[in-house]
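Here is the structure we will look at, set down as structure tokens.
Whatever order the structure lists them in is the order used to number ligands and atoms, beginning at 1. All heavy atoms count here, side chains included; hydrogens, waters and symmetry mates do not. Everything numeric in this text was worked out from a predicted model, so none of it was measured.
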Amino acid sequence: MKLRNKINLYTAFLFALLLILMNITIYLSFNKLILDSELSTANKEIEKVTENIGKSLGAVPEGALLRSYVPINGMIRLVSPDNERISAVTSPTEQELSKQKAVFYNSELSKTIEYINREYIFSSMPIIMPDGTVANLQITKSLKTAANILSILRIVLFMVTLLALIPVLISSRVLSNLITKPVSSMINTMTDIRQSGRFKRLKLEGNSKDELFLMGETFNHMIDLLEVNFEKQEQFVSNASHELKTPLTIIESYASLLKRRGKEEPKLFTEAVEAIHSEAIRMKDMTEQLLMLAKNNEQWDIEKSQINLKMWIQHTIKGFADAYQRKIEMVEGTPSPIMIETDEKKLKQLIFIFLDNARKYSDDIIKIEIGTNYKDDVYIKIIDRGIGIPPEELSKVFDRFYRVDKARTRRLGGTGLGLSIAKDIADAINAEIQLSSEAGRGTTATISLKKS
Ligand code: ADP
């Protein structure tokens, strides 16, 4: 069943149920009120009539006496203890009542009774007869007027229920339209996206910032995000396939050369194996970096811990310097120790990317300076005196696969992925990175971190 019909049906059903329950309660309460009032009136009436008749019994003939007290729609009678009617007078409208069997009661009583499918109030009161015996004075009164009122009430309540359902149906229709319109337009847009394969957005109308508007806005943001990611992925795949094509072509051509002339020419053999080996290593590195980028794009697991930065960096750079046989000098920008809370592993990865670039693109000593700036932020500067980056290239080096001097960086084993990974890591650990460089003079990479 459609959402719109469901809303209509449930709202109408619930409201109708509520109205019916309310009207039944009103009807039953009113019914009880009327009967109670009729019973109490009958009680008072019979007491009065018994008293009056008691006084005149013996003096006035019973028939005449009863006739003067007969109700408009009912009967009055005297009943002896042996249930033999002594005398009864019936109003012209209720002649059938005279055929009703007489029953003697020992005490006074008032109740409703049914006789020939009609409702009556029946009250009975003991009365002392002139001969000293006890009889019952009984009055039976029709409840026709009360029944009429109740039937009018029933019709009124029924009509009210029906009439109240009309605005309910209209308002539930308006409500369901209000809810289902944005949902349907979202479904249409999604179907459109699926069929055309193009990203589309919802048209957001009105300026009420309700949940449905927010839902539409969220949907559009999600589509924006998907589009950006999709474009990034496309770009990434085309870049990756383009970059992997070169080493694969080199490997293929050297392999064919080996196949043809490798056995006869040992010099060629060594050169080909070297080239294949180095290209294979490059491809391995690149694949690893690509995998890392793809994986980290999904989610970074940040594990923060408190570190004494200066001591930690000294220890970190020692391993690097030993592995590459390079001199790395640590410069203290601030004399006091620097304590910082960060993800140790990620920061190490970040520093290694810049150190590795400094190593690749310079031959001189590498400096690493640590200190705090005027905002009390911690900075780590990796300074080299190498080939540097021309100013017009500086903004591009963070792009994936971007290399300033392709031939040269290829030789040095560069993939063009290091700085884009650095940017992702820096975002993940809330660090800022900045490159300043001068062609031919060297490069300074600055990592800025908040203290906690
Ligand atoms: P790669 O693996 O090629 O080094 P990066 O993303 O780390 O990739 O760097 C992108 C490009 O920026 C490098 O190819 C290089 O041309 C340039 N570059 C990065 N760091 C330095 C540096 N310290 N000195 C000179 N050039 C650099």
Side-chain angles (χ1 to χ4, degrees), residues 232 235-236 238-247 250 278-297 313 316-317 320-321 323-324 326-331 346-369 379-429 431-448:
K232 269 193 192 167
Q235 180 83 36
F236 185 69
S238 76
N239 280 345
S241 53
H242 179 260
E243 293 299 316
L244 285 170
K245 220 163 71 190
T246 321
I250 297 172
S278 83
E279 287 305 318
I281 288 175
R282 239 174 70 76
M283 272 171 60
K284 191 176 130 234
D285 287 351
M286 196 189 288
T287 323
E288 267 168 14
Q289 286 177 320
L290 283 172
L291 283 174
M292 186 174 158
L293 275 173
K295 207 164 94 197
N296 288 338
N297 262 351
I313 289 216
T316 308
I317 57 176
F320 190 90
Y324 291 102
R326 289 290 296 261
K327 235 176 144 325
I328 304 176
E329 185 193 337
M330 195 169 114
V331 184
K346 306 266 172 334
L347 185 62
K348 189 170 176 177
Q349 241 175 322
L350 195 57
I351 291 173
F352 273 11
I353 290 173
F354 290 117
L355 276 180
D356 197 43
N357 279 351
R359 168 194 72 82
K360 281 189 293 194
Y361 306 115
S362 77
D363 300 314
D364 221 344
I365 187 167
I366 301 168
K367 281 189 188 163
I368 181 157
E369 188 185 321
Y379 67 81
I380 305 163
K381 288 184 178 176
I382 295 118
I383 309 157
D384 69 66
R385 277 190 242 135
I387 58 170
I389 306 164
E392 67 278 8
E393 309 273 355
L394 255 183
S395 59
K396 300 177 198 158
V397 289
F398 287 98
D399 294 347
R400 281 179 191 174
F401 297 112
Y402 193 83
R403 286 166 294 174
V404 176
D405 178 346
K406 286 199 190 284
R408 182 172 191 163
T409 47
R410 260 186 75 78
R411 229 183 319 107
L412 294 165
T415 57
L417 287 171
L419 289 179
S420 57
I421 293 177
K423 209 165 90 186
D424 285 0
I425 298 175
D427 285 345
I429 62 168
E432 270 175 36
I433 49 176
Q434 203 197 339
L435 268 190
S436 62
S437 185
E438 224 181 300
R441 305 204 63 165
T443 306
T444 301
T446 311
I447 305 169
S448 307

Using a distance-only test with no angle check, is there a side-chain donor-acceptor pair under 3.5 angstrom linking S362 and R326? yes
Nearest heavy-atom contact between T443 and S437 is OG1-OG, 2.9 Å
With a cut-off of 4.0 Å, which atoms of ligand 1 are near a heavy atom of K360? 1 (P), 2 (O), 4 (O)
Under 4.0 Å from any heavy atom of G416, which atoms of ligand 1 are there? 1 (P), 2 (O), 3 (O), 6 (O), 8 (O)
State the atoms of ligand 1, each with its element, that fall below the 4.0 Å cut-off from a heavy-atom position in D384. 23 (N)
In this structure, does ligand 1 have an atom that sits under 4.0 Å from one of the heavy atoms of G386? no
Heavy-atom closest pair (L435 atom, A445 atom, distance to 0.1 Å) is CD2-CB, 3.6 Å
Please report the closest heavy-atom contact between I389 and V397, naming both atoms and the distance. CG2-CG1, 4.1 Å
Looking only at non-hydrogen atoms, the one of F398, F401, Y361 nearest atom 22 (C) of ligand 1 is Y361
What are the atoms of ligand 1, with element, lying closer than 4.0 Å to any heavy atom of L417? 6 (O), 8 (O)
So between I383, I389, N357, whose heavy atom ends up nearest atom 26 (N) of ligand 1? I389
Quick one: which ligand 1 atoms are inside 4.0 Å of a heavy atom on V404? 14 (O), 16 (O), 17 (C)
G418 N/O under 3.5 Å from ligand 1 N/O: yes
Identify the heavy atoms of F320 and I328 that sit nearest to each other, and give their distance. CD2-CD1, 3.6 Å
Check whether D384 reaches the backbone of I366 with its side chain - one donor and one acceptor, N or O, closer than 3.5 Å. no
Mark yes or no: K396 above the aromatic ring of F398, with NZ or CZ under 6.0 Å from the six-membered ring centre and no more than 45 degrees from the axis. no
